[in-house]
Every structure is written in structure tokens, then in C-alpha cells.
A.B. asks: 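Below: one structure in C-alpha cells.
Below, chain A is the first sequence line, B the second, and so on; all start at residue 1.
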2 protein chains.
Amino acid sequence: MLDNYLLEELVTFAQTGTLAKTAATLNVTQPTVTRGMQKLESDLGVQLFDRQPNRLSLTATGKLAATEARALLTANQAAVDRIQNFDRNQRVLQVGATLPGPLIALQSLATQLPANVQLAETADVIDPTQALLANDDALIFTNHPLAAPAITSERLGTERLAVNLNQFMYQANQATITFAELADLSFVVLNDIGPWRAIIQDNIPGAKFFYQEERDALTEITKFSDFPYFSTNVSQFDPVLTTQLATDDKRVCLPITDNAAQMPIYACYLTAEKARVAPILKQAQAVWPD
Amino acid sequence: MLDNYLLEELVTFAQTGTLAKTAATLNVTQPTVTRGMQKLESDLGVQLFDRQPNRLSLTATGKLAATEARALLTANQAAVDRIQNFDRNQRVLQVGATLPGPLIALQSLATQLPANVQLAETADVIDPTQALLANDDALIFTNHPLAAPAITSERLGTERLAVNLNQFMYQANQATITFAELADLSFVVLNDIGPWRAIIQDNIPGAKFFYQEERDALTEITKFSDFPYFSTNVSQFDPVLTTQLATDDKRVCLPITDNAAQMPIYACYLTAEKARVAPILKQAQAVWPD
DNA sequence: AACAATTACGGAATCCGTAAAAATT
DNA sequence: AATTTTTACGGATTCCGTAATTGTT
């Protein structure tokens, strides 16, 4: 068995090239690292270094050992994360998403949700499969099912994009609209909108987008300007938009009819956690506007 | 970072169920294990055990931690093995096989091989891909190419099965033979013949096979009996068979013409080790009877 | 002179075993 | 009575830092 602190020293040496820098980056003294690498060699019964009086360099075996060590350390850290996240998720049930719509819908009934449910602030999940397997989230909303065998992906419904145009714009004079009809316009858009971002960028020719990190900043800009903004059949639950804007917003909401503007929504969770996420899923299905 | 000795204690507790038995199997005292599990809980910041005055049981988190711990320990051990095997293979170049033919062919020119080449005694490689990736062998002969991306599988030639029949048997009166014509006969066969074993068992109806572990025992039996035995175009290099038998063996060698009796031979090695195995491959190709 | 590695020595932290206690079956 | 877990205490091991040595650039 190889001790972790020795593996760290080896990995750092592979990066830095000298024992002195290794010691410096690990906040220990050189003799510590010297002894450590000697012990690692003796534990393995293998020569890891070519020794010249003033220079240490890794042998071929040493290089292999360094990459193996790196893998072991990351595996160890990943295990710690999984265990700690699992323990946390025993108490608070973390809900994430790759797109904001479903989170907004759930937030609208926050009072009716179990007290241990913790909704993510923004749609910032990069790799949903990894996030579930690492017990980072117990439930993640995505726009595509996940392939991993331990994961169940349940179709929740469809999110449909709409655009809110000033009522005096000529395009506003209709019940629905297409991406093509929005060409060359400028929009204010939230930053964390997941896959929607690529969709609007790829489908509206010549458009410009002003991305806003904060939702409050976005509502401010929309309130005091004529920039069109996007919404969906799900974001209608957004309390910020509905309360602060709806009262005096002179825009009209036009659903976008393109296929690309219709997005399937899936609820993904570890199959082993089905029982724990079931009540939340039931709530989500109940409020889904389909 | 989780210390290995704590992980071992957790894994053994998951197996045995009590700290006392855990201590016994690990050859330490109970207080050691008690403190160890307390430290592991404190390191993780997580409760791993349900504590009743006289009974300790794993929580859900604890069970997860135990399986994670087991994985980390096996990964650690596997890394050690890979490193040590790699180091050994820097000096001696280990050659294995899933079938004996190619090893026999190479053995016939043992004197001309580099001194650091170590040929396996018997064809006992179970999982050639694993053996290569673990640096257990540097070169393995198989009857099928290996799929792993880091591995190169080079077609070496074809091994062709033959049977040696007493010259007075009526089937011996021909140049070649088929499996069907060997029906209901009894054969003496070596134990470690890899895939050949399934082939003769599946293709010769009603045949009986007397498997011998030792090659010497097999030659003894064949010498003092009339049992037919198998050979191939490659096993002709076998010094035991050729010297001890050929002089007074009254059998005739009949190649078997069935497709199933023709076996492709591949030389498999880590692509990164190509340069080191190249000279051996060259020798093998030179003597191959194709 | 500056830098890198190693060794020697003493202190500090950690880990372990013995002994004893508390509680259960 | 026998088991199991836990705490307390002392010893032993291990690990680390300071100081000093060697050799190279």
C-alpha cells in the first residue's frame, strides 16, 4: 500500500522537477521530500529516480509511478466527495439543472415542497451524469436523457421559447413568430440559460445579444428600454418577471414556432434514489404547463 | 485524503460486522480499530456508524464509504502491481501466451534470443488484455486480436492441427484427415492447450480425452501405447517430442483439413513497447512454418 | 556564490497496545 | 459469564524540521 503523502510528493516532483521546488510547493522542507522519495522507492522495491549528485530525474518506472500516483490521488479525492455529497443528500435533497426553466417552475411552489429540498440558484450543471454519480445533485433537469445505466431519465414535458416584443414593432402584430422574423434584432438575455444560448445564437441571423449575469439587472434593463427579451411557457412562473414587469410592460409575448424553439425536458436521477425524488417530481409534473 | 489503513479497517468491518472481529482479522487490538473508525469519521466529517452501547452498524453513508474504500484499496494494489511489473519488464521481457504453439516455436531458438527474454512455462494467460495493461507480460501470443486501444495485435501466421495415428490404423492410410474420421477415438492430450481444447472437444464426435498436466508424462504414455496424440505445424519444434519420440514412433502425422483446425496466431503487445518486442517478433516470424 | 541533494540529530505528532470501565446478550 | 465498545495512559514508531555536509553549476 502506498501512502498518500508520498504520492503527493511524487506527483509534485513530476511537475516541478526538483526536490527543492517540490518541498516549497508542499510547504515542507527538502529533507522531508528526500526521505519521502527514498521511502517510496523502498516501499515499492523499485528505483524511481536516476541519481546524480546534484540532479534527480525520474526513471521510466518513475514516470509511470507518477501518473499512477496522480490517478490514485484524484480517485481518493473523488471518493471523498461522493461520500460527503451522499451524506449531505441524505438530509438536503439538492436539485440542479442544465437550463433554468424547470427550476423557476419549482421555485414558484417553494412553500409546498418538502423542507429538505434545496433548489440550485442558477442552471450551472456542466456534466449532469457526473453530477449525479458524484452525488453532487440528487435530481437534475436536462434537455436530453442521460445514458448511464444507474440513471433514470423521465420525460417531464416541453419548454417552448417565446419572445417579448414592444407592441409597436411591426413584428408584434401577429399571434406567433419565427426565428427568421427576428433577424438583426438585439436582445437582452440571461447568462445561464444553458442550451437555449446556442439555439438563439444559431437560429436568429444577424442578431446581437447582451448577456446579463444578474436577473435583477436584466429586469431593470428591460423595464427602461425597448429591447426584446425571451421567455418560455415555463418561465412564466418567474416571480421576478411577473411581478416587476407584467404590471407596466408594454411588450407582447409571441411564441416562437420553429422546431428548434421547442425543447424536451427530462428529470434525471439515480435509480437508487427514485423514492426520495418521487414527491418532487410529482409536484413538478403537476405544475407543468402542458 | 483518506489513509489506507483506515480504509482497510472499514472494509473489514463491513465484512465482519464487529470491531472485535475486524481487529482479529487485521491482527491489531480493538481499541486500535475503535480509534481508527472515529478518526475516519472525523476526517470525512460524516457519520459512518449507528452507535448502540454494544453494537455498531454502518449507516447508509457508511456502506457507501465501505464500497468506495474497497475500490480505492484495489486500485492502490493494482497500481503497485503495474509499477513493479513495469520495472521488472524493463529488465526481463516476459512473454506469455494463451496457447502453447508459439512458445514452443520460440523455445527452439532460445539460444538466439536476447538474454533478457523470459518465456512462460505454460500457456496460462487467462485475460491477455489485462495481462498486458498490468505489465504482467510484455508480449502475448493469442488466437485472436485484442481490442484495447493501447494494444497492437500483429498477425503472425497460422497454426494447423494434426493428429498422429498408429500406422496400422485404417485411418492412417491417407495424406490428410478430418475431425469426423477421428470419431469415437481416445486421445492423450496436454492440459494447457488453450483454445485447442474446446476445438477438439466440440468437433470430434464421441471422442475421449485423457488430459495430462506434465509434458513428460504425456510423452511416456504415447511412447508405450498406441493412443493417438495431437501436434501442429508449430509444435514440430518441440524438442521433447522430436527427440524422445521421433526416433522410434511408429505413428504417422496427418494434418486435419477442417477449417476449425486452422488457427490464426497474433502477437499482442502494448504499442508503447513496440521497440522492445520487435526483435523477438522478428525471430518468431523467421521461424514460423508458413 | 548559489543551488540541489543528502545525512545526522532531536523534537513532535501519530499510532498502537495494555488496562480498565461501561453496557449488552 | 462472555462480548462488544469505549476511554485513559504510556510506550513505540514514524514523521518532520534544523543544522551541517557534499557536490555541482
A.B. asks: Could you tell me whether a side-chain N or O of Q47(B) sits under 3.5 Å from a main-chain N or O of F49(B), the two making a donor and an acceptor?
C.D. replies: yes

A.B. asks: Considering only heavy atoms from C-beta outward, does the side chain of V95(B) approach that of I140(B) to under 4.5 Å?
C.D. replies: no

A.B. asks: Between the side chain of Q283(A) and the main-chain N/O of Q112(A), is any donor-acceptor distance below 3.5 Å?
C.D. replies: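 Yes, because the side chain of Q283(A) sits within donor-acceptor range (under 3.5 Å) of the backbone of Q112(A).
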
A.B. asks: Would you call L190(A) and P100(A) a side-chain contact if the rule is heavy atoms closer than 4.5 Å?
C.D. replies: no

A.B. asks: Is there a side-chain contact between D136(B) and V125(B), using heavy atoms and a 4.5 Å cut-off?
C.D. replies: no

A.B. asks: Heavy atom of residues 28-44 of chain B under 4.0 Å from DNA chain C: which residues?
C.D. replies: V28(B), T29(B), P31(B), T32(B), R35(B), K39(B)

A.B. asks: Taking side-chain hydrogen bond (donor to acceptor under 3.5 Å, both in side chains) as the cut-off, I'd like each qualifying pair that reaches into residues 14-24 of chain B, sequence neighbours left out, listed once.
C.D. replies: T16(B)-T22(B)

A.B. asks: Considering residues, nucleotides and ligands other than R91(A), do more than 12 of their heavy atoms fall under 6.0 Å from its CZ?
C.D. replies: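 No - once you tally the heavy atoms of other residues, nucleotides and ligands closer than 6.0 Å, there are 12 at most.
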
A.B. asks: Taking the six-membered ring of Y211(A) as reference, does the NZ or CZ atom of R197(A) fall below 6.0 Å from its centre and within a 45° cone about the axis?
C.D. replies: yes

A.B. asks: Considering only heavy atoms from C-beta outward, does the side chain of T98(B) approach that of F141(B) to under 4.5 Å?
C.D. replies: no

A.B. asks: Counting C-beta onward and ignoring hydrogens, is there a side-chain heavy-atom pair between M37(A) and L48(A) closer than 4.5 Å?
C.D. replies: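 Contact flag for M37(A)/L48(A) side chains = no.
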
A.B. asks: Quick one: closest heavy-atom pair of E9(A) and G36(A), and the distance?
C.D. replies: OE1-CA, 3.5 Å

A.B. asks: Look at atom CD of Q38(B) and say whether more than 12 heavy atoms of other residues, nucleotides or ligands are closer to it than 6.0 Å.
C.D. replies: yes

A.B. asks: Roughly what angle, to 10°, lies between the helix axis at the start of the helix from dA1(C)-dT25(D) to dT25(C)-dA1(D) and the one at its end, five pairs per end?
C.D. replies: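 Inter-axis angle at the ends, rounded: 20°.
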
A.B. asks: Do D87(A) and L44(B) come close enough that some side-chain heavy atom pair is under 4.5 Å?
C.D. replies: no

A.B. asks: Which residues, if any, of residues 46-70 of chain B bring a heavy atom under 4.0 Å of DNA chain C?
C.D. replies: P53(B), N54(B)

A.B. asks: Please list, in 5' to 3' order, the outermost nucleotides of DNA chain C lying under 4.0 Å from any heavy atom of chain B.
C.D. replies: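 Endpoints of the contacted stretch of DNA chain C: dC15(C) to dT24(C).
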
A.B. asks: Between atom OG1 of T61(B) and atom CG of N85(A), what is the distance when rounded to the nearest 0.5 Å?
C.D. replies: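 With rounding to 0.5 Å, OG1 (T61(B)) is 10.5 Å from CG (N85(A)).
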
A.B. asks: Which residues in residues 7-20 of chain B have a heavy atom closer than 4.0 Å to any atom of DNA chain D?
C.D. replies: T18(B), L19(B), A20(B)

A.B. asks: Please report the C-alpha distance between R215(A) and E121(A) in whole Å, then the side-chain angles of each, then the deciding distance to 0.1 Å, and finally whether the salt bridge (charged side-chain N to carboxylate O under 4.0 Å, His left out) criterion is met.
C.D. replies: CA-CA 11 Å; R215(A) 182 172 300 180; E121(A) 294 287 326; over 6 Å; no

